[in-house]
Number of protein chains: 2
Amino acid sequence: MKAILSTTNCLTAITFTMTRYSQTPVTTADKTFYQLRQDIVEGVIAAGAKLSETELSTTYGVSRAVIREAINRLESCHIVERRANVGARVVALSEEGLLALYEIRESLEGMAARLAAKNMSDEEIAELEALLVSHFQDVKQGESYYQEAGDVDFHYRIILGSKNKHLISMLFDGIYHLVRMYRVQLGMAGPRVTTAYDEHRHIVQAIANRDQELAEMLMRRHITYSRNNIRNKLSSIQS
Amino acid sequence: MKAILSTTNCLTAITFTMTRYSQTPVTTADKTFYQLRQDIVEGVIAAGAKLSETELSTTYGVSRAVIREAINRLESCHIVERRANVGARVVALSEEGLLALYEIRESLEGMAARLAAKNMSDEEIAELEALLVSHFQDVKQGESYYQEAGDVDFHYRIILGSKNKHLISMLFDGIYHLVRMYRVQLGMAGPRVTTAYDEHRHIVQAIANRDQELAEMLMRRHITYSRNNIRNKLSSIQS
DNA sequence: TTAGAATATGTTGTCGACAATTCACCCGTT
DNA sequence: AACGGGTGAATTGTCGACAACATATTCTAA
């Protein structure tokens with residue numbers, strides 16, 4: 001009944017939150033870009049695979065020009081790597097790559113929490129606290145499959161709360177899809193379900209208190225823990 | 001004899017350092033992109049101006065497809081804003097926009113300094129110290145026109161020293177050109193010449209001591225000072 | 001047999017033309 | 001005179017074809 005794949009829920013939650021940020025695709029190049037990105041992130045197109053323009057144009061039923069534009073945008077997102085006169089390949093996934101991404105997340109989301117403590121409206125903070133309450137109930141009922149969507153939504157709201165356009169764009173358009181891609185393809189499950197809730201709670205509290213220093217510090221620690229968690233999983237898989 | 005325009009020296013120094021990072025343009029779309037970006041950053045194309053594809057294609061003597069690709073890449077850099085079926089405009093410059101960029105610089109370059117303290121080789125650190133010595137001599141001789149190139153070079157080396165690919169790309173391809181564009185078009189001079197040297201010296205010292213915490217903190221303060229400096233200049237201009 | 005050059009093939013880069021959309025102008029109606 | 005709808009010019013989006021480049025294969029010569 002409720003055993004829907006977590007991915008679906010996650011995407012729903014994301015799109016819900018992001019309606020204030022991302023505009024719906026209008027041109028076919030837009031749609032193709034979103035489709036291609038999704039197919040890569042979710043593993044339909046394998047990591048390291050070559051992206052042949054002619055092949056993709058027949059597959060997606062569009063001209064080579066729109067495929068080229070889509071690939072260009074994927075390159076800007078660092079999802080594919082391109083060499084002139086040779087072609088584009090999906091980026092190679094490595095443990096170091098994922099950990100490097102978390103270094104940036106630590107830096108950027110820490111700043112986002114700091115700015116959120118400064119710039120979020122009281123109403124937005126109230127919504128954030130309400131979100132946390134609903135998470136608490138989910139966790140209490142053991143509905144851990146909601147956790148990833150909830151975690152993503154939590155972070156999204158804080159990032160949006162920073163009110164810094166560049167910060168928002170870097171995280172949403174750049175980092176998050178890459179992280180998801182790495183997680184899916186390296187076979188990582190969702191985030192830690194047990195301990196994360198308390199960390200979220202403390203972060204929200206710091207934001208509500210307008211304590212910029214503490215909000216940043218707690219967010220950085222939160223992501224550092226996440227990073228260590230991933231590193232442990234990866235090393236245990238490899239050994 | 002040595003009274004060459006500072007801009008020229010700045011670019012020379014940048015390209016010298018960046019040879020390890022950026023590859024030379026090969027296709028005409030590449031060249032057009034670099035040309036267009038330079039023309040926008042240096043104010044040849046005004047802020048807020050509309051970028052007509054047909055007009056640019058005749059101006060630069062290339063086809064519209066090439067111009068489109070260049071504009072797409074400029075959009076990814078947040079140098080132009082695009083609306084579907086309408087066109088692209090150079091971004092509107094605002095005081096808040098520049099200050100928002102410095103918030104990101106603080107976050108990202110702080111992390112870069114932290115990672116540099118961890119990942120730079122002893123040889124690279126020695127080069128960095130040597131660079132600082134040459135700056136000191138320049139400052140002592142009052143050759144302040146070298147300062148901007150020197151400042152840029154200093155930051156570049158530390159960013160490269162982080163060894164984090166995404167971090168490097170975000171700063172070099174994304175932030176720095178935007179900052180330069182804002183500075184040029186808002187009529188800001190180069191960075192602070194007097195106090196910055198000591199700050200640089202302390203940062204290098206922290207990196208040489210492999211003190212990650214301190215390196216990050218000093219770099220963040222360094223950029224915060226710079227940001228405050230800019231804010232003061234801007235408000236004094238406006239009033 | 002091997003190294004190197006010439007060639008063949010398939011890919012990407014570039015171009016001009018056509019289709020779709022937007023925006024401004026003009027006309028008609030109230 | 002003011003507002004709404006319609007028409008037209010101009011711009012962007014999309015397409016198929018050609019040119020340039022990289023790579024694999026084959027052929028030749030030492």
Side-chain angles (χ1 to χ4, degrees), chain A residues 22-40 44-92 169 173, chain B residues 22-40 44-92 169 173:
Chain A
S22 79
Q23 54 275 22
T24 52
V26 37
T27 94
T28 60
D30 275 338
K31 296 174 196 165
T32 308
F33 165 66
Y34 287 119
Q35 184 70 47
L36 248 178
R37 183 175 65 179
Q38 182 177 337
D39 289 348
I40 292 175
V44 178
I45 298 176
K50 170 139 193 250
L51 297 181
S52 165
E53 295 181 358
T54 52
E55 183 185 333
L56 289 177
S57 73
T58 58
T59 303
Y60 289 88
V62 292
S63 107
R64 257 190 65 215
V66 316
I67 292 288
R68 272 182 75 81
E69 180 171 337
I71 290 180
N72 276 329
R73 290 173 66 178
L74 288 173
E75 188 192 14
S76 299
C77 302
H78 299 273
I79 290 178
V80 307
E81 282 172 346
R82 186 170 217 178
R83 274 178 30 193
N85 290 313
V86 173
R89 311 190 80 90
V90 179
V91 291
S169 167
D173 299 332
Chain B
S22 79
Q23 53 277 21
T24 52
V26 39
T27 97
T28 59
D30 274 339
K31 296 173 195 164
T32 308
F33 165 66
Y34 288 119
Q35 185 69 47
L36 248 178
R37 183 175 64 180
Q38 181 178 337
D39 288 349
I40 291 175
V44 178
I45 299 177
K50 171 142 195 257
L51 297 181
S52 164
E53 296 182 356
T54 52
E55 182 186 334
L56 290 176
S57 73
T58 58
T59 303
Y60 289 90
V62 292
S63 107
R64 256 189 66 216
V66 173
I67 294 289
R68 272 182 74 81
E69 180 170 337
I71 290 181
N72 276 327
R73 290 172 67 177
L74 288 173
E75 188 192 14
S76 299
C77 303
H78 299 272
I79 290 177
V80 308
E81 281 172 347
R82 187 169 215 180
R83 275 176 32 192
N85 290 313
V86 174
R89 311 190 80 90
V90 179
V91 292
S169 167
D173 299 331

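Throughout, protein chains are lettered first and strands after them, A, B, ... in sequence-line order, and every chain is numbered starting at 1. Please read these numbers as outputs of a predicted model, since none were measured by experiment. All values below were derived from every heavy atom in this structure, side-chain atoms included, with hydrogens, water molecules and symmetry-related copies excluded.
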Novice: Could you tell me the separation between the OG1 atom of A:Thr27 and the CZ atom of A:Phe33, rounded to the nearest 0.5 Å?
Specialist: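 Nearest 0.5 Å value for the OG1-CZ distance: 11.0 Å.
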Novice: Would you kindly compare A:Asn85 and A:Glu69 by the position of their nearest DNA chain D nucleotide and give the one closer to the 5′ end?
Specialist: A:Glu69
Novice: Between P on C:dT14 and CG on B:Asn72, what's the gap in Å once rounded to a whole number?
Specialist: 14 Å
Novice: Starting at NZ of A:Lys31 and ending at C1' of D:dT14, how long is that distance when rounded to a whole Å?
Specialist: 13 Å
Novice: For the atom pair CD1 (B:Ile79) and CG (B:Leu36), what is the distance rounded to the nearest 0.5 Å?
Specialist: 9.5 Å
Novice: Once you round it to whole Å, what is the distance between C1' of D:dT14 and CZ of A:Phe33?
Specialist: 19 Å
Novice: Can you check the B:Leu56 CG to D:dT12 P distance for me, whole Å?
Specialist: 9 Å
Novice: How long is the span from the CG atom in B:Asp173 to the CZ atom in B:Arg73, to the nearest 0.5 Å?
Specialist: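 Rounded to the nearest 0.5 Å, the CG-CZ separation comes out at 9.0 Å.
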Novice: If I take atom CD1 in residue B:Ile67 and atom P in nucleotide D:dT11, what distance separates them, rounded to the nearest angstrom?
Specialist: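 So the two atoms are 14 Å apart, to the nearest Å.
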Novice: Taking only N and O in the side chain of B:Arg82, is any of them less than 4.0 Å away from OP1 or OP2 of D:dG13?
Specialist: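 Answer is yes, contact under 4.0 Å.
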Novice: Specify the separation, in whole Å, of atom CG of A:Asp30 and atom P of C:dA20.
Specialist: 18 Å
Novice: List the steps and the verdict of side-chain contact (heavy atoms from CB on, under 4.5 Å) for B:His78 and B:Val91.
Specialist: CA-CA 7 Å; B:His78 299 272; B:Val91 292; 5.5 Å; no
Novice: Taking any heavy-atom pair under 4.0 Å as a contact, classify B:Ile71: base, sugar-phosphate, or nothing.
Specialist: nothing
Novice: Are any of B:Ser63's side-chain N or O atoms less than 4.0 Å away from OP1 or OP2 of C:dC15?
Specialist: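 For C:dC15, OP1/OP2 do have a side-chain N/O of B:Ser63 under 4.0 Å.
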Novice: Select from B:Ala84 and A:Val86 the residue whose nearest nucleotide in DNA chain D is closer to the 5' end of that strand.
Specialist: B:Ala84
Novice: Could you tell me how far apart A:Arg64 (CZ) and C:dT12 (P) are, to the nearest whole angstrom?
Specialist: 7 Å
Novice: Just to confirm, is there a sub-4.0 Å distance from OP1 or OP2 of C:dG13 to any side-chain nitrogen or oxygen of A:Arg83?
Specialist: no
Novice: Run B:Ile40 and B:Val80 through side-chain contact (heavy atoms from CB on, under 4.5 Å) and show every step you take.
Specialist: CA-CA 9 Å; B:Ile40 291 175; B:Val80 308; 4.1 Å; yes
Novice: Identify which nucleotide among D:dT14, C:dT22, C:dC15 has an atom closest to any side-chain atom of A:Thr27, counting heavy atoms from C-beta outward.
Specialist: D:dT14
Novice: D:dG13, OP1 or OP2 - any side-chain N/O from A:Thr28 closer than 4.0 Å?
Specialist: no
Novice: Would you say D:dC15 has OP1 or OP2 under 4.0 Å from some side-chain N or O of B:Arg68?
Specialist: no
Novice: Is any side-chain N or O of A:Thr54 closer than 4.0 Å to OP1 or OP2 of C:dG10?
Specialist: no
Novice: For the pair made of CD in A:Glu55 and P in C:dT11, what is the distance, rounded to whole Å?
Specialist: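 Rounded to the whole Å, the gap is 9 Å.
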Novice: Base, sugar-phosphate or nothing for B:Leu51? Non-hydrogen atoms, less than 4.0 Å.
Specialist: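 The residue B:Leu51 makes sugar-phosphate contact but no base contact.
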